[in-house]
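Read the structure below first, then the notes.
Chain naming here is simple, since letters A, B, ... match the order of the sequence lines and numbering starts at 1 in each.
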Amino acid sequence: MSSFDDSDAFEGASLAARAMAARPMPYLDGLNPEQRKAVETLEGPVLMLAGAGTGKTKALTSRIVHLLNTGTARPNEILAVTFTNKAAREMKERVGRMLGEAVEGMPWLGTFHSICVKLLRRHAELAGLKSNFTILDTDDQLRLLKQLVSAANIDDKRWPARALASVIDNWKNRAWTPDNVPASEAGAYDGKAPALYKLYQTRLKELNAVDFGDLLLHVVTIFQTHDDVLQQYQRWFRYILVDEYQDTNVAQYLWLRLLAGGHKNICCVGDDDQSIYGWRGAEVGNILRFEKDFPGAHVVRLEQNYRSTPHILAAASGVIAGNKGRLGKELWTDVEDGEKVRLIGHWDGEEEARWIGEEVEAMQRGTRGLCAFGLNQMAILVRASHQMRAFEDRFLTIGLPYRVIGGPRFYERMEIRDAMAYFRLVTSPSDDLAFERIVNTPKRGLGDKAQQKIQMVARQNGVPLIDGARILLDEKGLTGKGASELAKLLEGLTRWGRMTGDKQITHMELAEIILDESGYTEMWQNDKTPEAPGRLENLKELIKALEQFENLQGFLEHVSLIMDNDSQEAGEKVSIMTLHAAKGLEFPAVFLPGWEDGLFPSQRSMDESGLKGVEEERRLAYVGITRAQEVCTISFAGNRRVFGQWQSQMPSRFIDELPEAHVDVLTPPGLYGGGYGAAGMESTIETRAAEANVYNSPGWKRLQSRAGQRPVAQPAESRHSVIDAEAVSSHTVGERVFHQKFGYGAIIGIEGDKLEIAFEKAGTKKVVARFVSSSDDIPF
DNA sequence: GGGCGCGGGCTTTTT
DNA sequence: GCCCGCGCCC
C-alpha cells in the first residue's frame with residue numbers, strides 16, 4: 001500500500017483553510033433562498049437540481065467556499081469532480097477569486113479522468129501497471145484493436161475495429177471487466193468481442209498503457225477489491241461535490257458511491273433535462289434515483305432563471321414537457337417580456353446560411369429594431385458538425401468573422417501526435433505504438449514489408465519493436481536506404497534519450513532537437529500544401545506548452561488529459577459550435593438552424609435508441625433554446641444536401657412542440673410568388689438535382705424505407721403546430737404541382753401542411769406545402 | 001516503397 | 001462531398 005505522506009497533492013493546503021476559519025461570509029448575501037440552502041446544507045447527501053441559467057456554478061463554488069470558510073473542511077479534503085477541464089478550471093478560478101489571495105489551490109478539484117489518473121498512478125501496481133503508464137487516445141486505441149482484429153483473422157470489412165472499440169468502450173463505461181461481461185451482452189461483434197476485449201486488456205498491460213475507459217475502470221476495480229485503499233480515500237475525501245451529475249455513467253456512479261459510502265457527504269448538481277451524453281454511456285437514471293441511493297437526501301431545486309426572457313423560457317419548457325420521467329422543474333424569471341422565439345423556414349440549407357449571415361449583420365448594425373449585438377454575443381448552434389460547413393462557406397464569402405468552437409483539438413492534430421510519439425519514444429523506448437507511428441514519418445523507405453520484418457523479429461525475441469529493429473539491422477535483415485535510415489533513427493533515439501539526463505539542455509531545447517534531427521520539421525517545411533505552415537505553427541506552440549512542465553516525461557504524463565482547444569483568439573467573431581459544445585454557455589442571440597426530422601432529431605439517435613433517443617434529442621433542443629438570453633431564432637430548410645445529394649426535408653417534430661403563443665413565425669424571403677425564379681436560381685438547383693443520380697443512391701433508398709416505417713408521433717389534433725396554423729394548405733388532391741428539385745407531380749394526399757406527391761420522375765414523396773407551387777404559377 | 005486514382009461508406013455528439 | 005483504404009503502376 002502506498003503512503004500518502006509523500007504526496008505533494010495532500011500537503012500545504014491546510015494552512016489556508018485554518019487561516020480562513022470563521023471569516024465573514026459575504027458570499028451568502030448574493031444567493032437566493034434555494035441557492036443558500038444548497039450552500040449551507042453541508043452534511044449528508046444533497047441533490048441540487050439546477051435548471052439552465054439558475055446560478056448552478058455560483059451555488060457550487062459558494063458551497064466549496066463555505067466548506068472552507070467555516071473550517072468544516074480543508075482544501076485537500078474536498079473532492080470536486082467535473083466533466084471538462086474547462087469547468088474545472090472555471091471552478092478553481094471562481095473559488096480562488098471568492099477566497100482572495102490565500103488559497104493554495106484544491107488538489108482534488110478536477111475531471112473524473114484527471115483525478116483517476118492521479119489515483120491510478122499511486123496504485124498502478126494493483127492494476128498490473130507501472131506508475132508511468134501511458135494513456136492512449138482513440139487513435140492509438142484503434143490501431144491496437146486493428147492489429148488484434150486482423151491477427152484473429154476477422155474480416156474487418158464486416159467487423160470494423162471501430163465497432164469493436166465502441167463495444168469495449170460501452171462495457172468499460174458500465175464498469176465491466178472482461179470477466180464480468182454478462183452472457184446476454186457477449187453476442188456483440190459476432191460473439192468474438194469478449195475474447196478480443198480480454199486480449200486487448202492483456203496487450204494494454206504489456207504496453208503499460210491504459211485507454212480513457214480504463215482510468216475509471218481500473219480505479220473502481222481497485223476500490224472494489226482493496227478495501228484498505230478504499231477506506232483511506234473515504235477518510236481523505238470528507239466532502240464530495242459532483243458537477244453535471246446527469247452525465248455520469250455507471251463506472252463514474254460506482255466510483256462516487258464507493259467513495260461516498262462512509263460519510264455520505266456528497267452533493268450532486270445536475271439537471272435531468274440537460275442530460276445529453278447518453279450515447280457515451282451517461283445514465284440519466286443516476287440522477288433520477290439519487291434519493292433512493294442516498295436515503296434522506298436533501299433535494300434543492302434551483303428554478304429561478306437569471307438568463308433568458310420569459311418567451312424563451314416558455315418555449316424551452318414547452319418542448320421539454322414532451323419528455324416522460326422527468327424530475328420536474330419549471331423555470332421562471334422576474335424579467336419582463338422580451339422577444340418571442342423566432343421561427344423561419346428556408347428553401348434549402350444554403351439559403352438558410354445566407355439568411356442567417358444577413359441576420360447576423362443586421363443585428364450587428366442594430367438595424368433590426370433591437371439594440372445592436374456584437375459578434376461575440378451571437379452564436380450558431382448546430383446538431384452535427386457537418387452542418388457548420390455551410391455557415392463557414394457563406395461567412396467566408398461575405399467576410400463575416402467567425403470562430404468554430406470544438407473542432408479538432410490541439411492534441412489530436414496529426415503533427416502534434418507525431419511529435420508526441422517521438423517524445424514518448426525518447427522517454428520510454430518500449431512504447432511500440434509510438435514506434436509504429438513515427439518509424440516511417442517522415443518517409444524513410446520503411447514501408448509495410450520492412451515494418452513486418454521488425455514486428456516479426458521483435459515477437460520472436462520477445463522484445464519491444466525498437467529492439468527488434470536493432471536486432472534486424474545487426475542480422476543484416478534489411479538493406480539499402482531503409483537500413484541506413486533505420487540505423488540513423490535508432491542512433492538518434494539513443495542519443496536523444498541520453499540527452500534527457502543532460503542538465504545543460506532544457507527539455508524545450510531537447511524537443512526542438514528531436515524534431516529537427518529526426519527530419520520531422522523538415523518534412524513539413526518541404527510540404528507545399530496549404531496546411532503545412534499551420535502545422536509548423538502548431539509545433540512551435542507545442543514546444544511553448546512544454547515550458548510549464550519540468551521535463552518531457554512530466555509533460556507526457558499530463559498532456560493526454562488536457563485535450564482542450566481553448567485558444568480563444570481575441571476579436572469580435574460570431575461563434576459556430578455544436579449543441580453539445582454549447583452546454584454551459586450563454587449568448588444574447590442564438591441561432592438554431594437545421595431543425596428537420598432526421599437531422600434534429602437525428603435519425604441515427606432514433607434508430608439506435610428509439611424513444612429514449614428522441615427524448616435525448618429533445619433535451620438537446622432544450623439545451624439549445626436555453627442558451628439564448630434575448631433572441632432565439634430557430635430555422636429549418638426544405639431541402640438539404642445529405643452525403644452530397646439533395647434531399648427533401650421535413651420540419652422537426654420539435655417545431656410542432658413549440659408553444660405557439662411564444663413563437664413569432666417570420667416570412668422567409670422569396671418563398672411565395674416565385675421569388676426564386678426571379679432570382680434566376682432555379683436552373684442551378686435543377687441542374688444539380690438532375691446531375692446527381694439521387695434516386696439510386698443508397699442514402700436515398702435508406703431514407704425512403706425509413707420514412708415508411710416511422711410512426712406518427714402524436715395524433716394531429718393534440719398538437720398546435722405553428723406551421724399548421726400558418727399554412728393551412730390551399731392545395732387539393734389531384735392538383736398538379738411543381739417542385740424545384742423533383743419537377744412536376746400530382747398531389748395524392750394532404751396531411752396538414754405536408755403533401756404527398758407522386759412526382760413524374762422522382763417517385764412519391766412527402767413535401768412541405770410551401771415548397772411546391774401550383775403548376776400554372778411557374779414563372780417560366 | 002510510394003503516389004495516384006477509384007470506390008465505398010459515411011456524419012451525431014467527446015473525456 | 002469527403003475521407004479512407006485498396007489496388008495498380010512507376
query: Has Phe112(A) got its ring stacked on the base of dT15(B), with centres under 5.5 Å and planes less than 30° apart?
result: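 A stacking contact does not exist, since Phe112(A) is not both close and nearly parallel to the base ring of dT15(B).
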query: With a centroid cutoff of 5.5 Å and a plane-angle limit of 30°, would you call Trp279(A) stacked on dT13(B)?
result: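 It does: the ring sits over the base of dT13(B).
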- prompt: Would you call Asp211(A) and Lys172(A) a salt bridge, taking side-chain N to carboxylate O under 4.0 Å as the test?
  reply: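 Yes.
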query: Is the closest basic N to carboxylate O distance between Arg394(A) and Glu350(A) below 4.0 Å?
result: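 Between Glu350(A) and Arg394(A) there is no salt bridge, as every charged N stays at least 4.0 Å from the carboxylate O atoms.
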Whole-Å distance between [N] [atom2] and [X] [atom1]?
| X | N | atom1 | atom2 | answer |
| --- | --- | --- | --- | --- |
| Leu136(A) | dT15(B) | CG | P | 17 Å |
| Asp247(A) | dT14(B) | CG | P | 12 Å |
| Asn170(A) | dT13(B) | CG | C1' | 14 Å |
| Ile276(A) | dT13(B) | CD1 | P | 12 Å |
| Gln603(A) | dC10(B) | CD | P | 15 Å |
| Gln246(A) | dT15(B) | CD | P | 15 Å |
| Glu283(A) | dT15(B) | CD | C1' | 17 Å |
| Asp139(A) | dC3(C) | CG | C1' | 14 Å |

Short side-chain N/O contact from [X] to OP1 or OP2 of [N], under 4.0 Å:
| X | N | result |
| --- | --- | --- |
| Ser385(A) | dT14(B) | no |
| Arg389(A) | dC2(C) | yes |
| Asn440(A) | dG2(B) | yes |

Can you figure out which of [options] approaches the side chain of [X] most closely?
| X | options | result |
| --- | --- | --- |
| Phe643(A) | dT13(B), dG1(C), dT15(B) | dG1(C) |
| Thr111(A) | dT14(B), dT15(B), dG1(C) | dT15(B) |
| Lys146(A) | dG1(B), dG5(C), dT15(B) | dG5(C) |
| Lys443(A) | dT15(B), dG2(B), dT13(B) | dG2(B) |
| Lys449(A) | dT15(B), dG1(B), dT13(B) | dG1(B) |

- request: Dump the intermediate steps for side chain to side chain donor-acceptor pair (under 3.5 Å) on Glu436(A) and Gln147(A), then the final yes or no.
  value: CA-CA 12 Å; Glu436(A) 281 172 45; Gln147(A) 289 173 10; 2.6 Å; yes
task: Indicate, with a heavy-atom threshold strictly under 4.0 Å, whether Glu608(A) touches base, sugar-phosphate, or nothing.
output: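 Here Glu608(A) touches the bases of the nucleic acid.
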- prompt: Hey, does Ser605(A) reach any base, or is it just sugar-phosphate, or nothing, if we go heavy atoms under 4.0 Å?
  reply: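 Answer is base: heavy atoms of Ser605(A) come under 4.0 Å of a base.
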task: Using the six-membered ring wherever Trp is involved, compare the ring planes of Trp171(A) and Trp176(A) and label them parallel, tilted or perpendicular (cut-offs 30° and 60°).
output: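 Ring orientation, 0 to 90° scale: tilted.
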- prompt: Mind checking whether Tyr520(A) and Trp524(A) have parallel, tilted or perpendicular rings, split at 30° and 60°?
  reply: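 Tyr520(A) vs Trp524(A) ring planes: perpendicular.
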Residue met sooner reading DNA chain B from 5', once Gly445(A) and Arg280(A) are mapped to nucleotides: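 Closer to the 5' end of DNA chain B: Gly445(A).
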field: Whichever of Glu616(A) and Ala450(A) has its nearest DNA chain B nucleotide further upstream toward 5'
entry: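 Between the two, 5'-proximity favours Ala450(A).
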Non-hydrogen side-chain atoms of Trp159(A) and Val149(A) separated by less than 4.5 Å: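 No, side chains not in contact.
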